[in-house]
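Please read the structure below before turning to the comments.
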Amino acid sequence: MAERLLVRALKGGKNTKIVTLNGKKITKMPSTLEKLPGLKTLDLQNNRIPKVCPEISTLTQLTSLNLGNNLLEEVPEEMKYLTSLKKLHLFGNRIHRFASGACDGLQNLILLSLNNNQLTWIPPEVSRLKSLTYLSINHNWLASIPRELCFLKNLSELQLNYNQLICIPEEIKFLKNLQKLFLVRNNIEVLPEGFCDLINLRSLDIAGNVIQIFPSGFQNLKLREFYCEENPLLMKQPVHAVKQEGVWRLQEITSRFIMNQLAEKNLFLMQAVEWYPQVRNIISQGRKCAICGKSFLAVWLECVEFVPPSKNWKISRNLQLVPLRILICSYKCFNQRGPNIFGIAQVESRRKSLSSLVGKPAAGTLGTFCRPQGSRSHEDSDLQFGRDLETPRPAIAYQD
Ligand SMILES: [Zn+2]
């Protein structure tokens, strides 16, 4: 059957534009394809092909190649010769790597589907796919995505559902044309600050991750659809507690002084810092306090502000307030915050753990551990600020 179709195609010679051999139990790609230099579309879906034939490299007019549901183990190197290719379907194979050079010639590729494979990583060379607009790698084993992926400036839709991603690179902000982002069922804890620069993002689905809090500015995204079910989002359940002002390291005090002097254009320091690249490197990691606007280096209070989601967003049913991450430089600023900002603390109990939002610390009370006012006794639980450390660690969230 497959042979008969192929013979008919071969009779057409270079006038044959389409060859469809779906579901023909083919185990070897027909090498006679090289006699069809005018071929535009090649469908070989649902076969048993483990390797592409070298002759495929002659198909320089090919715009669409479907090798979905076969037995390929890599994105083949021969792809680099298919310089006219616009659509490449490689879903449902056993692909665990990109052959070297595979991305080199695919300058015109618009759509790449790699769903249901075994990829654990994507090579940085993916950045060579300059025209890529739709990329979908659902149901793979990706633990990370390379920052180079964020340089695909035409990318409009990115699907990474059902992988093992734990973070998203800060460079995501460079995907200025991204409209749809799907990250369902990964292990993502934090969305980077740069996320808020995705000005064209309209659909975001992050259901089934471990996100507690969103970057500040998230509420300004012009989303139309936003889904976030099954994330341990912080909930507004204030607990009153107290906390003593900590003692800063000398490096923190000095860095704050230098950063704030530089912000005020202190000429002497501006010139001096030129001579100390190490200092420049350290202070480049400084961040700004949401209350006083001054810079700090490594010691801060992580707080949460609850804002209602935009009325234009189509959202998850049970989402009433979006928790946003707010960084504050000191308890002095903490005590000047507005009524919607809360400190985040970690309550450790013998029975269960939950994160709490600290509403009103009383001044002057000592102790690293602070008791929440309420029914819980000291024996049952300790309220410990988990987020005012030099290395912030995630609080354990409490869900109803
Ligand atoms: Zn401050």
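Of the options Phe306, Phe226, Phe195, a ring pair (Phe, Tyr, Trp, His ring centres under 6.0 Å) to Phe214 is made by Phe226 and by none of the others. Among Asn117, Leu112, Leu114, the single residue meeting the side-chain contact (heavy atoms from CB on, under 4.5 Å) criterion with Ile137 is Leu114. Shown are Val52, Leu82, Ile95, Ile56; of these, the side-chain contact (heavy atoms from CB on, under 4.5 Å) with Pro76 is made only by Val52.
Within 6.0 Å of atom CD1 in Ile253, more than 12 heavy atoms from other residues, nucleotides or ligands are found, so the atom counts as buried in its surroundings. Annotation: Phe151, atom CZ; neighbour count of heavy atoms from other residues, nucleotides and ligands within 6.0 Å is above 12. More than 12 heavy atoms of other residues, nucleotides or ligands shown are found within 6.0 angstrom of CD on Gln118. Other residues, nucleotides and ligands contribute more than 12 heavy atoms inside 6.0 Å of the CD atom of Gln285.
Taking CG from Asn163 and CD1 from Ile145, the interatomic distance works out to 9.5 Å, rounded to the nearest 0.5 Å. Once rounded to the nearest 0.5 Å, the distance linking CG of Leu324 with CD1 of Ile213 reads 7.5 Å. Rounding to the nearest 0.5 angstrom, the gap separating the CG atom in Leu44 from the CE atom in Met29 is 5.5 Å. For the atom pair CD (Gln61) and OG1 (Thr58), the distance works out to 10.5 Å, reported to the nearest 0.5 Å. Going from atom CH2 of Trp275 over to atom CZ of Arg280 covers 11.0 Å, rounded to the nearest 0.5 Å. Once rounded to the nearest 0.5 Å, the distance linking CD of Gln336 with SG of Cys289 reads 9.0 Å.
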Exercise for review: Could you walk me through whether Tyr227 and Ile206 pass side chain to side chain contact (heavy atoms under 4.5 Å, CB included), step by step?
Suggested key: CA-CA 6 Å; Tyr227 303 107; Ile206 49 149; over 6 Å; no

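Proximity of Gln212 to Arg325: side-chain heavy atoms (C-beta onward) are nowhere separated by under 4.5 Å. Residues Lys332 and Cys292 fail the side-chain proximity criterion, which asks for heavy atoms closer than 4.5 Å. Counting heavy atoms from C-beta outward, Arg48 and Lys25 have side chains that approach closer than 4.5 Å. Using a 4.5 Å heavy-atom cutoff, the side chains of Phe174 and Lys153 are not in contact. Between Asn138 and Tyr162 the shortest side-chain heavy-atom distance does not fall below 4.5 Å. By the 4.5 Å heavy-atom criterion applied to side chains, Leu62 and Lys40 are not counted as neighbours. For the pair Thr254/Gln251, no side-chain contact is recorded, criterion being any heavy-atom separation below 4.5 Å from C-beta on. The shortest side-chain heavy-atom distance between Leu234 and Phe342 does not fall under the 4.5 Å cut-off.
Taking the six-membered ring for Trp and the full ring otherwise, Trp248 and Phe257 have centroids separated by 6.0 Å or more.
Between Glu55 and Lys35, none of the side-chain N atoms (NZ, or NE/NH1/NH2) sits under 4.0 Å from a carboxylate O, so this pair counts as no salt bridge. Salt bridge status for Lys80 with Glu125: absent, with no side-chain N to carboxylate O gap under 4.0 Å. Using a 4.0 Å cut-off between a side-chain N of Lys or Arg and a carboxylate O of Asp or Glu, Arg337 and Glu305 do not qualify as a salt bridge.
Residues Leu191 and Val307 share a single hydrophobic cluster, defined by chaining ILVMFWY side chains whose heavy atoms lie under 4.5 Å apart.
For the 3.5 Å distance criterion, the side chains of Thr133 and Asn154 fail to qualify, holding no donor opposite an acceptor.
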